[in-house]
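Shown next, in structure tokens, is the structure this report addresses.
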Amino acid sequence: MLEGLDRVNWSQLSHAYGPADDVPALIRALASGDADARDHAFQGLFSTIWHQGTVYEATAHAVPFLLELLAAPGVAEKEAIFHLLGSIADGNSYMEVHSRLWDDVDPSQEAQRERQEQVGREREHVRAARQAVEAGVGTYLDLLADEDPTVREAAISMLGLCRGRADRVIPELLARIPNQADARSRAALILAVGDLAEGTGDLSPFHTLFAERMQPEEAPVVRLAAAICLARSSPVAPTAAILDTLCQTAATAWDDFESVGGDTGGRVGEAVKGDPAARLRIFLAALDSRDASARQGARFALNRMCHERRSVTPVIVKALAEQLPAADVDERRQIVQTLAGLGAASAAAVGPLAAALDDDDSKVRGWAATALAVLGDPRAIPVLIERLQSERTLMARSLDRLGAEARALVPALIEVLGDSPAEGDIGNPPVQAALALGRIGPDARPAIPALIELMDREPDAQPYVAEAIGQIGGPEAHAAIPRLERLLSSSDEWCRIRAAQALWRLDGRAGPVLHVLDEQLHPKSRCRSLAIEVLGEMGAEAARGEVPALLACLEDRSFHRRWPHVEAAIALWRITHQPELTLPVLMKLFGDPDAVAALSRRAAEGLGEMGAEAVEALPILREVAALDVRPFGQMFSYSSDFVIEDDALLAAVTEAIRRIEVDLGRAERSTGQARR
């Protein structure tokens, strides 16, 4: 077995990390009797010949050996090999997946031609990899008779991906459905037929099959698979019968379906994606299931809906709040953690969240406190202090909304500053404590001596401490000025800028600060946006000489230009008050579909600062304020704080509209008075 591995010149082939000469050892390890060795090999192959959705030159050459392992008796974890092959079959070109990285990097015709040639080569690798996977159809069909049901189900799902062999595969699958006694395998066969038929663009010949298998006499998992396929194959909205079946069977067969169809919530959601009300109905029904797996999956799917739409969030919060008191501890943890990420809408759950502060489980108490703190509810304070004292778990996002109430946390945060080591990691307790104290602001002045001590003790914490001291301010902070001045010569540019910002806030001397900021305005600086932000904070009197450099920042065409652009536009407004320099940039960034919510929020804040001069932006601001679909950040919407970020965006947009309208009204009144 695998004798042919050494006949491939792997060192001349490439994968995600360069030459593929490590691939033979990884493939051989898949046949090992050592589970740890197999696990290491799967991890290696999932990062080299397939990497985050992309495939490479070496991928197609590796596939025949994976097929050989599938066909060999005694090889363990064949379902994992199927998973790797399925991922490869759906792989893409690196350049195409990351096209946004290259769009504006080098606009020259020569660079564009080279990129297109690279895309062409990569598409060939994608085609070759898919063809190599589909060449294993015979092996997959043979494994439909395997004694292991997980292998049979994986083989069926794999056949559903062989779209290039649909003419051969569909009849084979159809022939097996009537005689397949196992309900999960029967559901897998139906899904595979649906997937292959959808790939051909026509599911209508299979409507009768799906409708028959959706009937009540069938097993719930089969009915769910058939209802999903029927919903996808219908040229109009799913019928009431289909929706009723989805509601009933998702609540009873969620876990069974997951084993053969993958993400149940994703599959159901895709089947009715044009009807958010239907999705909501189905997942809320599953939320009341007797099956814990269905409830857990439904909560995840509902949370995903909250990430997509503003209007569904209050309804989902209400349903979660109703579940919270009677749920078991694992479910209570999931519910309060979900509510903590749903922002302002969680106000509808404030009663159950407040009750959860007395929960026997510390994690439930902690997440409930986080959710209440995000709402600005001071009842969160005692539990946050408890978490700080016991687990050193710092929920930094909680403090932004607590306002003056957060001062009660200062003594506990000071205690955390004494922890060690402080390695500078953003999740490190002393670093998080310093950042939290900075957000509390002047009320955190008693922490200044401990912050200075941390700065002296742990060099890696210095930029975070400098930031905090600058935010806290006051006479007590002046004791840090000599140390901050020394940090202007730090080898860490982030540290230099934070020290410069703190010095500006404490004593207002522009000279030393401008020198540090100037050196970070070049396109390759990782701190460019922060340096520009500080220039904007300094304003016209201190930073007027930086206008040419800021204008040059707007000419940068790299992918990562967006943040420097928004900060440069805002800084230019503060320094020059020339709307023609700022307004076009902010309006373009605000309407950029690839912008994350935080950047769009920053652009909205800049438009609000411009007041009546940003009147042209009112239509797009109002449009975003009225949207139901959360508009920005879909490219990077994995954050658990995504809804909270969108809340902040909506608040910034609403405030910008108010400021522009107030400024316009004031100008109109002044004009009217002048005429009289």
Straight-line distance of Arg309 CZ to Asp646 CG, nearest 0.5 Å: 13.0 Å
Verify salt bridge (Lys or Arg N to Asp or Glu O under 4.0 Å) between Glu567 and Arg602, making sure each step is shown before the conclusion. CA-CA 8 Å; Glu567 293 299 346; Arg602 189 74 176 119; 2.8 Å; yes
Within the distance-only criterion (no hydrogens, no angle test), does the side chain of Thr370 pair as donor or acceptor with the backbone N or O of Gly366 below 3.5 angstrom? yes
Distance-only, no hydrogens or angles: does the Arg365 side chain make a donor-acceptor pair with backbone N or O of Glu386 under 3.5 Å? no
Is the shortest side-chain N to carboxylate O distance from Asp361 to Arg332 below 4.0 Å? no
May I ask you to say whether Glu453 pairs ionically with Arg457, meaning some side-chain N is under 4.0 Å from a carboxylate O? yes
Any salt bridge between Glu661 and Arg622, counting N to O under 4.0 Å? yes
May I ask you to decide whether Arg659 forms a salt bridge with Glu609, counting only side-chain N to carboxylate O separations under 4.0 Å? no
Decide yes or no on salt bridge (Lys or Arg N to Asp or Glu O under 4.0 Å) for Arg528 and Asp556, but give the supporting numbers first. CA-CA 12 Å; Arg528 193 183 193 192; Asp556 179 16; 2.7 Å; yes
Check this for me, if you would: do Glu493 and Arg526 make a salt bridge, where the nitrogen-to-carboxylate-oxygen distance has to be below 4.0 angstrom? yes
Is the CG atom of Asp360 crowded by more than 12 outside heavy atoms at less than 6.0 Å? no
Donor-acceptor pair, side chain of Thr338 and main chain of Gln334, under 3.5 angstrom: yes
Give a yes or no on whether a salt bridge exists between Arg310 and Asp628, defined as a side-chain N under 4.0 angstrom from a carboxylate O. no
His51/Tyr17 aromatic ring centres below 6.0 Å: yes
Using a strict 4.0 Å threshold on nitrogen-to-oxygen distance, state whether Arg505 and Glu537 make a salt bridge. yes
